[in-house]
Each structure stands twice: as structure tokens, then as C-alpha cells.
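Structure, as C-alpha cells:
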Amino acid sequence: MKEEILAVANCVTGAGEHETAYLEKLCAMEEARLQSRLKEPLTQENRDAFICAVAWMAAADYFGGKGTDGAASWSAGDVTVHEQPASAYSAASDNLRKAARVLLEGHLEDQQFAFLGVDG
């Protein structure tokens, strides 16, 4: 499953070869985190959703790390590089996290904290 998660995350991020080890670590971290929150073991029906959700969360982490404002574009001879603004990386990260949560809705333990019915 690790290879499948990495392949999806790589497709979403477009990460270069030199970033594969970094992306692989992000995928492993998110897989462990989401696996620990599953209400029940993965079934064949929700396996694909889990793979995509893990990859999307790892991609969100990847884009979150890209969110620094540097030069928007620069040229050196015949080479021109265009960087996305930090806001674009931030928006991509937020959207991927939301989409991943929707995919796993109902399959994860709720980690929200609230006081209900507390006498004051």
C-alpha cells in the first residue's frame, strides 16, 4: 500500500526525484496517523479511499512546506522558473485536507473535544 500512496502523492504534487524521500516520509507519517484513527480495520471497499486520503494529506503537508514567498519568477540565460505564490500553496493544502476528510468521513474516530451537559 505504501507504493500506491506514494504514487498518488507524487502525481498530486509533481514532486521531483530529489524530493521522493521527503514525500515518502510525509506519506508514512500520514498513513500511521490516519491508520491509528480508523474506527475499524480497512475493508476492500474503503481501501482506495484510504490510499487517496493519505496521499492527499501528505500532499497537503508537502504544499504547506512550500508556502514561503520568494521570487515569483526568475531567469538565468535560457532557463526561466516560475514559482507559485505562498497563497496558492496554502489554498492547495487546505483543499486537499478537506477532500481527504470527506473521503474518510465516518471511518475515523472523532478527535473533537467538547464539554456536553456540564453543570456549572
message = Could you measure the distance from the NZ atom of Lys25 to the OG1 atom of Thr20? Nearest 0.5 Å is fine.
response = 12.0 Å
query = Within the distance-only criterion (no hydrogens, no angle test), does the side chain of Asn95 pair as donor or acceptor with the backbone N or O of Ala91 below 3.5 angstrom?
reply = yes
Over all atoms of both residues, closest heavy-atom pair of Trp56 and Leu96 = O-CB, 3.6 Å
query = Could you give the distance from CD1 (Ile51) to NZ (Lys2), rounded to the nearest 0.5 Å?
reply = 11.5 Å
request  = Measure the spacing between CD of Glu30 and CD1 of Ile5 and express it to the nearest 0.5 Å.
outcome  = 10.0 Å
key: Heavy-atom closest pair, residues Ala59 and Thr13   = CB-CG2, 3.6 Å
query = Applying the 4.5 Å side-chain criterion to the ILVMFWY set and letting contacts propagate, would Val102 and Phe63 be lumped into a single cluster?
reply = no
key: Interatomic spacing from CG in Leu23 to NE2 in His18 - rounded to 0.5 Å   = 11.5 Å
query = What closest approach, in Å, do Val8 and Ala55 show between heavy atoms, and which atom pair accounts for it?
reply = CG1-CB, 3.4 Å
With Thr43 via side chain to side chain contact (heavy atoms under 4.5 Å, CB included) - residues at least two apart = Glu45, Asn46
query = CG/Leu6 to CE/Met1 distance, rounded to the nearest 0.5 angstrom?
reply = 13.5 Å
note = Shortest non-hydrogen pair, Phe50 vs Glu31, comes out as CZ-O, 4.0 Å
ask   = Stepwise, does the side chain to side chain contact (heavy atoms under 4.5 Å, CB included) test hold for Asp61 with Arg97?
value = CA-CA 9 Å; Asp61 294 341; Arg97 287 183 199 288; 2.8 Å; yes
